[in-house]
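What you see below is based on every heavy atom in this structure, not just the backbone, and it leaves out hydrogens, waters and symmetry mates. Owing to the predicted nature of the structure, the values given are computational and were not obtained by experimental measurement. Throughout, protein chains are lettered first and strands after them, A, B, ... in sequence-line order, and every chain is numbered starting at 1.
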Amino acid sequence: MPELPEVETIRRSLEKTIKNLTICQADIYLPQIVKIPSTERFLEQVANKKVTGIERKGKYLLIRLAQNMTLVVHFRMTGKFICCDPKDPVVKHTHLVFQLDNNSELRYNDVRQFGRFYLLESNDLNQIPGLKKMGIEPFDACFTRDYLKKHIKFRRTKIKPLLMDQCFIAGIGNIYADEILQAAKIHPERLACSLNAREIANLYLSIKKVLNKGIEYNGASIRDYVDSNGEKGRFQEQLAVYNREGEPCINCSTAIIRKRIGGRSSHFCPVCQKAADK
DNA sequence: CCGTAACCCTGCGTGC
DNA sequence: TGCACGCAGGGTTACG
């Protein structure tokens, strides 16, 4: 499930493999993957476009093309790119194929079919609601401890769902939210407005530290995430709480709890991450 | 503003 | 061996 560190890893690998290549043509095998424009216009407009750069905003990947066009990709749960030889067998769940001018192919594979593609003029990206409403980038210079403090103070929601709210901060999903709260020693059900200055400072540092570590380890390969060269990440070996229900806490050996919070399964240490008194 | 739930979809684990 | 079922998960949308 590509979150910020996984998408950043994909971005970096694509920068090496497809930047400055030209897309000769594309084939769509699952039309619903392409949200904007129609499949016909998509195929027509993407053909013969040079890839000029690859950027990331939150969990979105932005493939910049010639003539001021941008191909936007959201991987959701199981989407991935595969760079390969055209002769390589087309594996199951391949929904989109781009033929490149160096006789290679970039294939989009997505078991759950939740991922989405958009092809737009670069100044029209606000047509994608998730980009228009996107919150601050955790590595933006404007994201400071004071910024976090200011925006957290009046929110009467639980801290974990807030961390995962893409309108609040961009790029944090279920895995990294659990890991960030563990690092900050904050219970996921604490109300955001109840955090004191010390806790907000810890949370701020933990957001940066955990996301940076995720990038450093090339993302987490839970289930079957791989980058566009088929490389697995190693962050899953560093997880302190996620997917560790019943296993001992790395600090105090207490069994890690799993609980549904805000409709998502959440993992935390009941001792290190104390709940607020009711 | 906040919480809950449905929806999209397939693979996998479980129970029979 | 195999079927039926429920669950997982991100983001969007609907509703109270």
Looking only at the side chain of [X] (C-beta and beyond, no hydrogens), which of the listed nucleotides [options] gets closest?
{"X": "A/Met77", "options": "C/dG9, B/dG11, C/dA8", "result": "C/dG9"}
{"X": "A/Val111", "options": "B/dG3, B/dG11, B/dC8", "result": "B/dG11"}
{"X": "A/Lys158", "options": "B/dG11, B/dC8, B/dG3", "result": "B/dG3"}

Which whole-number value in Å describes the distance from [X] [atom1] to [N] [atom2]?
{"X": "A/Gln113", "N": "B/dC9", "atom1": "CD", "atom2": "P", "value": "6 Å"}
{"X": "A/His95", "N": "B/dT10", "atom1": "NE2", "atom2": "P", "value": "8 Å"}
{"X": "A/Arg260", "N": "B/dT4", "atom1": "CZ", "atom2": "P", "value": "11 Å"}
{"X": "A/Ile261", "N": "B/dC2", "atom1": "CD1", "atom2": "P", "value": "17 Å"}
{"X": "A/Leu191", "N": "B/dC2", "atom1": "CG", "atom2": "P", "value": "10 Å"}
{"X": "A/Asp110", "N": "C/dG9", "atom1": "CG", "atom2": "C1'", "value": "12 Å"}
{"X": "A/Ile33", "N": "C/dG10", "atom1": "CD1", "atom2": "C1'", "value": "14 Å"}
{"X": "A/Phe168", "N": "B/dG3", "atom1": "CZ", "atom2": "C1'", "value": "18 Å"}

Any side-chain N or O of [X] less than 4.0 Å from the OP1 or OP2 oxygen of [N]?
{"X": "A/Arg116", "N": "B/dC9", "value": "no"}
{"X": "A/Tyr242", "N": "C/dG9", "value": "yes"}
{"X": "A/Arg155", "N": "B/dC2", "value": "yes"}
{"X": "A/Ser265", "N": "C/dA8", "value": "no"}
{"X": "A/Thr78", "N": "B/dC9", "value": "no"}

Practice problem: Tell me whether the centres of the aromatic rings in A/Tyr176 and A/Phe235 are closer together than 6.0 Å. | Solution: yes
Quiz item: Do A/Phe75 and A/Phe81 make the cut of ring centroids closer than 6.0 angstrom?
Solution: yes
Quiz prompt | Contact pattern, 5' to 3', of nucleotides 11-16 of chain C - B, S or - by protein heavy atom under 4.0 Å | solution = BS----
Practice problem: For the residue pair A/Arg244 and A/His267, establish whether any side-chain heavy-atom pair is separated by less than 4.5 Å. | Solution: no
Quiz item: Does the salt bridge (Lys or Arg N to Asp or Glu O under 4.0 Å) test come out yes or no for A/Lys259 and A/Glu189, once each step is laid out?
Solution: CA-CA 10 Å; A/Lys259 182 180 181 186; A/Glu189 289 181 295; 2.7 Å; yes
Quiz item: Is the aromatic ring centre of A/Phe114 closer than 5.5 Å to the centre of the six-membered base ring of B/dC8, with the two planes inclined by less than 30°?
Solution: yes
Practice problem: Would you confirm whether A/Glu3, through its side chain, and A/Ile175, through its main-chain N or O, come within 3.5 Å as a donor-acceptor pair? | Solution: yes
Quiz item: Would a distance-only check, ignoring hydrogens and angles, find a side-chain to backbone donor-acceptor pair under 3.5 Å from A/His151 to A/Lys149?
Solution: no
Exercise. For A/Asn174, answer base if it contacts any base atom (sugar-phosphate contacts may also be present), sugar-phosphate if it contacts only those atoms, and nothing otherwise; contact means non-hydrogen atoms under 4.0 Å.
Key: sugar-phosphate
Self-check item: By side chain to side chain contact (heavy atoms under 4.5 Å, CB included) - contacts of A/Phe114 (at least two apart)
Solution: A/Arg76, A/Met77, A/Arg112
Quiz item: Hey, are A/Glu15 and A/Arg12 close enough for a salt bridge, meaning a charged N less than 4.0 Å from a carboxylate O?
Solution: no
